[in-house]
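Structure, as structure tokens:
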Amino acid sequence: MDKPLNVVVLVGSTSVPEQVFRSAFGDVPPANVFSRVSGRAVTVSLVAQLPAAPELELASSHVLAPRRTPLLDRLLAKLPVARLEGSLRTSPLGRLLLSLGPTDPSKVYWRAVRADPQAMAMLSSADVLLAADLPAVRTAWHFLHSGRVPSAYFGLQAAEKVFAARFKVAAPAD
């Protein structure tokens with residue numbers, strides 16, 4: 001029997017994981033969706049900012065702990081940058097400037113993952129990384145381009161199509 005495909009889903013925003021999965025798959029657990037379309041056993045784990053509900057039937061779930069938040073993020077949280085960020089987010093140029101700075105959500109999530117040994121171990125053990133939202137893309141990209149994971153994709157709905165095409169196990173010939 002082949003070992004199950006180990007999929008780790010990254011949710012980099014402060015979205016509730018159930019809502020992220022429900023918007024892509026309805027009430028069907030993610031492992032069931034990926035197993036159905038690929039025709040093979042799949043385990044799904046989660047690394048997120050918030051805890052996941054048991055109905056997702058995840059193999060494991062890890063919440064990035066606030067006590068492991070890097071010093072830079074703790075300092076930035078204390079500064080009155082929220083007002084400035086709010087006004088900058090209203091224009092394309094402002095969003096570009098924010099994406100270059102240290103408060104960019106994808107950079108904040110990447111630093112949090114890097115500072116968490118358990119999260120790093122989970123991601124390194126993955127066969128496939130799925131970035132469920134934009135803040136998680138940088139983390140998936142770093143793991144893919146450093147060679148620590150064989151494949152990474154953005155978006156749960158797109159991943160369903162990729163699993164059907166790329167990871168499908170051919171039916172045995174009779």
- Is there side-chain contact between V128 and R166, with at least one heavy-atom pair below 4.5 Å? no
- Separation between CG of L64 and CD of Q118, rounded to the nearest 0.5 Å: 9.5 Å
- Nearest heavy-atom approach of P51 to E18 is O-OE2, 3.9 Å
- Counterpart residues, side-chain hydrogen bond (donor to acceptor under 3.5 Å, both in side chains), relative to S124 (two or more places apart): none
- Query: Can you list the residues that meet the side-chain contact (heavy atoms from CB on, under 4.5 Å) rule with A136, with sequence neighbours excluded?
  - Reply: L10, Y109, A131, D133
- Task: Any chance you could measure L129, atom CG, to M122, atom CE, to the nearest 0.5 Å?
- Result: 10.0 Å
Please table the atom pairs, donor to acceptor, closer than 3.5 Å between any side-chain atom in residues 23-30 and protein atoms at least two apart or in another chain.
unit_1, atom_1, unit_2, atom_2, d
S23, OG, Q19, O, 3.4
S23, OG, V20, O, 2.9
D27, OD1, R22, NE, 3.3

- Note on the structure: Applying side-chain hydrogen bond (donor to acceptor under 3.5 Å, both in side chains) to S15 and not counting sequence neighbours gives S13
- Task: Measure the spacing between CZ of R138 and CH2 of W141 and express it to the nearest 0.5 Å.
- Result: 8.0 Å
- Give the other cluster members for F154, using side-chain heavy-atom distances under 4.5 Å between Ile, Leu, Val, Met, Phe, Trp and Tyr residues; answer none if it is isolated. L134, V137
- Could you check if a side-chain atom of P135 sits within less than 4.5 angstrom of a side-chain atom of Q49, using non-hydrogen atoms only? no
- Task: Check L123 against V149 and note the closest heavy-atom contact, atom names and distance.
- Result: O-CG1, 3.2 Å
- Message: Test of understanding: with ring-ring contact (aromatic ring centres under 6.0 Å, His included), list the residues that count as partners of F163, not counting sequence neighbours.
- Response: F34, F167
- Message: Once rounded to the nearest 0.5 Å, what's the spacing between atom CZ of R111 and atom OG1 of T139?
- Response: 10.5 Å
- Message: Using the side-chain hydrogen bond (donor to acceptor under 3.5 Å, both in side chains) criterion, which residues pair with S45? Sequence neighbours excluded.
- Response: S60
- Task: Any pair with a residue in residues 142-165 that passes salt bridge (Lys or Arg N to Asp or Glu O under 4.0 Å), sequence neighbours left out, goes on the list, sorted by first then second residue, please.
- Result: R36-E160
- Between P17 and L50, the two heavy atoms sitting closest are CG-O, 3.5 Å
- Item | Contact summary for A159 and L130, nearest pair of heavy atoms | CB-CD2, 3.4 Å
- Task: Report yes if the side chains of H142 and V113 come closer than 4.5 Å at any heavy-atom pair, otherwise no.
- Result: no
- Item | Residues that A164 engages under side-chain contact (heavy atoms from CB on, under 4.5 Å), provided they are two or more places apart | V37
- In Å, rounded to the nearest 0.5 Å, how long is the span from CG of D127 to CG of N6? 5.5 Å
